[in-house]
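To start, the structure under review is shown below, and the notes come after it.
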Amino acid sequence: MATGRRPFSGSSGVGLMAAILSSEPPPIRTLQPALPAALEKNPDERWQTAHDVARQLRWLSDGLSAEQVQAHVRQSKAGISR
């Protein structure tokens, strides 16, 4: 939805499922550079709760770059707080 196109395609439902399981979509920021890099396929790399989303939106509104937000996310997941 954020990019205006589907991340995976297939000629059938089975083909679509195979594409989801076996390939990576193009990095979202290559399609929409303004979007945060935290929109990830890997569950360990994406937002887990609405609180995570709100926190990142606050960081972005405070003027942090997407890279700085990603650094905060990595530190939070590693148990390091700032």
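Each residue takes its place number in the sequence, starting with 1. Every heavy atom of this structure was used, including side-chain atoms; hydrogens, water molecules and symmetry mates were not.
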Requested in this report: Locate the shortest heavy-atom distance separating A19 from S9; write the atom from each residue and the value.
Outcome: CB-O, 3.6 Å
**Report entry** Shortest non-hydrogen contact from F8 toward S23
**Finding:** CE2-O, 3.4 Å
Query raised in the report: Mind checking what makes side-chain contact (heavy atoms from CB on, under 4.5 Å) contact with S11, not counting sequence neighbours?
Result: none
